Amino acid sequence: MDPITAITRGGTTWTPEFAVALDSKKCIGCGRCYKVCTRDVLELIDRSDEDIDEDTEDDSESISSVMSLADPMDCTGCGACSRVCPKNCLTHKALPLGV
Ligand code: SF4
Ligand code: SF4
């Protein structure tokens, strides 16, 4: 199946790239992605033991929450979340409808 394509107001076609994964080990819980997302895709959750990256040298011990993809099927593929994420946590992909 072909990936979903969209169209701008001016008539230009573009291919949305949907948020398909969020690396909680890199996430610092800053909430920037949540602030720019216009849909109900993202949710801040308590950090679990699996989210702690032993190789991380920052003050990760003090991070109690990380972002998660609560409802990825609500994503429009705008890419705004990745534009503002300082840790490059999100992965995006062009996808067919309903996948
Ligand atoms: S790509 Fe857009 S709609 Fe999807 S999670 Fe990111 S900001 Fe929200
Ligand atoms: S912008 Fe990046 S680091 Fe900040 S909460 Fe979102 S995913 Fe985590």
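Owing to the predicted nature of the structure, the values given are computational and were not obtained by experimental measurement. Start at 1 and go down the list; that is how both ligands and their atoms are numbered.
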Quiz item: When you look at CD1 of I7, are more than 12 heavy atoms from neighbouring residues, nucleotides or ligands closer to it than 6.0 Å?
Solution: yes
Self-check item: Element-labelled atoms of ligand 1 that are located less than 4.0 Å from some non-hydrogen atom of G79
Solution: 1 (S), 2 (Fe)
Quiz item: Considering only the protein, which heavy-atom contact is closest to atom 3 (S) of ligand 2, and what is its distance?
Solution: I28 N, 3.5 Å
Quiz item: atom 4 (Fe) of ligand 2 to C30: any N/O/S contact under 2.8 Å?
Solution: yes
Quiz prompt | Expected output: side-chain R39 to main-chain T76 donor-acceptor under 3.5 Å | solution = no
Exercise. Identify the heavy atoms of C85 and L90 that sit nearest to each other, and give their distance.
Key: CB-CD1, 4.4 Å
Self-check item: Contact atoms of ligand 2, heavy-atom distance to C85 under 4.0 Å
Solution: 1 (S), 2 (Fe), 3 (S), 7 (S)
Quiz prompt | CZ-CE distance between F18 and M73, expressed to the nearest 0.5 angstrom | solution = 9.0 Å
Self-check item: For atom 2 (Fe) of ligand 1, closest protein heavy-atom neighbour
Solution: C78 SG, 2.2 Å
Quiz item: Okay, side chain of D74, backbone of D40: is any donor-acceptor separation there less than 3.5 Å?
Solution: yes
Quiz prompt | Which residue and heavy atom of the protein sit nearest atom 8 (Fe) of ligand 2, plus the separation | solution = C27 SG, 2.3 Å
Exercise. Output yes if C33 passes the N/O/S-under-2.8 Å test against atom 8 (Fe) of ligand 2; output no otherwise.
Key: no
Quiz prompt | Heavy-atom nearest neighbour in the protein, as seen from atom 6 (Fe) of ligand 1, with distance rounded to 0.1 Å | solution = C81 SG, 2.3 Å
Quiz item: Of all heavy-atom pairs between G31 and M67, which one has the smallest distance, and what is that distance?
Solution: CA-CE, 3.9 Å
Quiz prompt | Per-residue contact class, T76 against ligand 1 - non-hydrogen pairs under 4.0 Å | solution = both
Exercise. Considering the heavy atoms of P86, write down every atom of ligand 2 situated less than 4.0 Å from one of them.
Key: 1 (S)
Self-check item: Proximal ligand 1 atoms for C37, defined as those under 4.0 Å from one of its heavy atoms
Solution: 3 (S), 5 (S), 7 (S), 8 (Fe)
Quiz item: Is the closest heavy atom of V36 to ligand 1 under 4.0 Å?
Solution: no
Quiz prompt | Short N/O/S contact of C75 with atom 8 (Fe) of ligand 1 (below 2.8 Å) | solution = no
Practice problem: Using a strict 4.0 Å cut-off to heavy atoms of H92, name the atoms of ligand 1 that fall inside it. | Solution: 1 (S)
Quiz item: Which of these passes side-chain contact (heavy atoms from CB on, under 4.5 Å) with L69: L22, V20, T91?
Solution: L22
Quiz item: C89 heavy atoms, cut-off 4.0 Å: which ligand 2 atoms fall inside?
Solution: 2 (Fe), 3 (S), 7 (S)
